[in-house]
Amino acid sequence: MSGYQKRISSPRAWPIGRKEHKWIVKPIPGTHSIERSIPLLVLLRDVLGVVDNGHEAKYALRKGRVLVDGIVRKAYRFPVGLFDLISILPDEKHYRVLLSHRGKITVRETDEPKVKLCKIEKKQVVRGGKIQMGLHDGTNILTNNDYRRKDSIMISVPEREILKHIKYEAGRVALVTGGKHTGEVGKIKKIEVREGSNPNIVTIEMDDKIFETIEDYAFIVGEEKPLLNLEI
């Protein structure tokens with residue numbers, strides 16, 4: 001049962017019933033962490049509802065009818081997470097993975113299946129002196145040194161070419177990806193840099209309320225407004 005786990009212990013972000021059955025598929029290590037992703041089979045069956053059971057999901061995947069970010073994925077335990085694009089063939093239906101205000105993984109049908117937002121989580125120098133960026137979805141892109149950690153980029157899929165760069169700074173629009181304000185979108189008013197190991201604090205204004213969150217939970221999604229439709 002190494003490919004399965006008990007439903008009761010599955011991540012709270014999974015929008016599933018926890019007492020209907022004992023076991024559920026566990027994602028393989030890959031693009032997203034287990035806490036921030038959901039297996040492809042579970043997404044197709046429990047979130048999208050395009051299949052009735054696991055057998056139908058596995059059949060559709062074997063036939064190459066499901067694309068993630070424009071690439072055919074056949075592994076039913078493949079992890080999908082925030083802003084991933086799911087395409088269903090031959091229906092030509094496209095969905096973007098989002099977060100609800102309760103922190104649950106959800107999807108929204110989209111008419112923008114060729115672009116994706118990614119957060120830069122790390123940078124390093126690789127062979128030849130080139131700069132490699134590690135993105136929030138576990139993938140890497142070689143680029144120049146104009147980009148910084150916590151910036152966001154809009155890329156094309158599946159080519160993964162950089163289309164737009166949005167800097168992490170006050171005045172930008174951010175999506176909160178963790179904590180009690182998960183799923184909320186607002187404008188960054190202030191970034192408080194703290195000394196030592198304490199996380200930096202970001203102050204976000206949303207409509208008529210102002211709240212704080214830690215820096216790691218702030219995902220830049222636009223300059224004056226979100227570049228993508230984030231409504232659930």
Value for NZ (Lys58) from CG (Asn53), rounded to nearest 0.5 Å, stands at 10.0 Å
Value for CG (Leu230) from NZ (Lys225), rounded to nearest 0.5 Å, stands at 12.0 Å
Quiz prompt | Donor-acceptor contact below 3.5 Å, side chain Asp69 vs main chain Leu85 | solution = yes
*asked:* A side-chain contact here means heavy atoms from C-beta on lying under 4.5 Å apart; do Leu89 and Val66 qualify?
replied: no
Quiz item: Quick check: does any side chain N or O of Asp84 sit under 3.5 Å from a backbone N or O of Gly81, one acting as donor and the other as acceptor?
Solution: yes
key: Evaluation steps, side chain to side chain contact (heavy atoms under 4.5 Å, CB included), between Glu161 and Ile155   = CA-CA 5 Å; Glu161 295 178 356; Ile155 62 173; over 6 Å; no
Next on the checklist: Could you tell me if Asp151 and His165 have a donor-acceptor pair between their side chains, going purely by distance under 3.5 Å?
Outcome noted: yes
Between Ala218 and Ala174 the two heavy atoms that sit nearest each other are CB-CB, 4.4 Å
So if you build clusters from Ile, Leu, Val, Met, Phe, Trp, Tyr with side-chain heavy-atom gaps below 4.5 Å, do Tyr168 and Ile201 land together? yes
Rounded to the nearest 0.5 Å, the CG atom of Leu82 sits from the OG atom of Ser37 at a distance of 11.5 Å
Looking only at heavy atoms, the pair that brings Arg194 and Pro199 closest together is CD-O, 3.4 Å
**Prompt:** Is there a side-chain contact between Leu175 and Leu98, using heavy atoms and a 4.5 Å cut-off?
**Reply:** no
Exercise for the section: Could you tell me whether Glu184 and Lys209 make a salt bridge, using a distance below 4.0 angstrom between a side-chain N and a carboxylate O? Expected result: yes
Next item on the list: Following the transitive rule for hydrophobic clusters with a side-chain heavy-atom cut-off under 4.5 Å over Ile, Leu, Val, Met, Phe, Trp and Tyr, establish whether Ile16 and Val25 coincide in one cluster.
Entry: yes
Worksheet entry | Heavy-atom side-chain proximity of Tyr217 to Val176 below 4.5 angstrom | yes
Quick one: does Val173's side chain get under 4.5 Å of Leu227's, heavy atoms only? no
query = Donor-acceptor pair, Trp14 side chain versus Leu43 backbone, under 3.5 Å?
reply = no
Assess whether side chain to side chain contact (heavy atoms under 4.5 Å, CB included) is satisfied between Tyr95 and Thr110, documenting all intermediate values. CA-CA 5 Å; Tyr95 304 89; Thr110 179; 5.7 Å; no
- prompt: So do the side chains of Thr31 and Val68 get within less than 4.5 Å of each other, counting heavy atoms only?
  reply: no
Rounding to 0.5 Å, atoms CD1 (Ile191) and CZ (Arg172) come to a distance of 10.5 Å
*Side chains of Met133 and Asn140: closer than 4.5 Å at any heavy-atom pair?*
no
Lys/Arg N to Asp/Glu carboxylate O, Glu112 vs Lys114, below 4.0 Å:
no
Value for SG (Cys118) from CD1 (Ile162), rounded to nearest 0.5 Å, stands at 9.5 Å
All heavy atoms of Pro158 vs all of Ile71, minimum pair found to be CB-CG1, 4.2 Å
Closest non-hydrogen contact found for Pro11 with Gln5 is CD-NE2, 3.9 Å
Distance col, row Lys6:NZ vs Lys22:NZ, nearest 0.5 angstrom, shows 4.5 Å
Salt bridge between Glu231 and Arg108, side-chain N to carboxylate O under 4.0 Å?
-> no
query = What do the steps show when you test Thr106 against Val97 for side chain to side chain contact (heavy atoms under 4.5 Å, CB included), and what is the final call?
reply = CA-CA 6 Å; Thr106 186; Val97 179; over 6 Å; no
Would you find a donor on one side and an acceptor on the other, under 3.5 Å apart, between the side chain of Lys119 and the backbone of Leu135? no
Exercise. Is the CD atom of Glu224 crowded by more than 12 outside heavy atoms at less than 6.0 Å?
Worked result: no
Exercise for the section: Starting from the C-alpha separation in whole Å, work towards a yes-or-no answer on side chain to side chain contact (heavy atoms under 4.5 Å, CB included) for Ile38 and Val80. Expected result: CA-CA 6 Å; Ile38 191 169; Val80 292; 3.7 Å; yes
In short, Ala57 meets Val51 closest at the heavy-atom pair CB-CG2, 3.8 Å
Worksheet entry | Connected via hydrophobic side-chain network under 4.5 Å: Leu163 and Ile220 | yes
* **Common cluster, Phe78/Val50, ILVMFWY with side-chain heavy-atom separation under 4.5 Å** => yes
Worksheet item: Does any non-hydrogen side-chain atom of Ile214 lie less than 4.5 Å from one of Val202?
Response: no
Exercise. May I ask you to check whether His32 and His136 place their ring centres under 6.0 Å from each other?
Key: yes
| query | When you measure from the centre of the six-membered ring of Phe83, is the NZ or CZ of Lys116 under 6.0 Å away and within 45° of the axis? | reply | no
* Check whether any side-chain heavy atom of Ile204 sits under 4.5 Å from a side-chain heavy atom of Thr213, and report yes or no. => yes
Exercise. Would you check if there is a donor-acceptor pair between the side chains of Thr139 and Arg160 at a distance under 3.5 Å?
Key: yes
Answer with yes or no whether the side chains of Asn144 and Lys130 bring together a donor and an acceptor at under 3.5 Å. no
Worksheet item: Has the side chain of Thr203 got a donor or acceptor atom that lies under 3.5 Å from a matching backbone atom of Lys189?
Response: no
Whether Arg45 and Glu56 form a salt bridge (side-chain N of Lys/Arg under 4.0 Å from carboxylate O of Asp/Glu) is what I want to check. no
Given the options Lys180, Met206, Glu205, Phe211 meets side-chain contact (heavy atoms from CB on, under 4.5 Å) only with Met206
* Asked: Would you call Glu215-Lys150 a salt bridge at under 4.0 Å N-O?
  -> yes
Is it true that Leu228 and Ile188 fall in one hydrophobic cluster, defined by side-chain heavy atoms closer than 4.5 Å?
yes
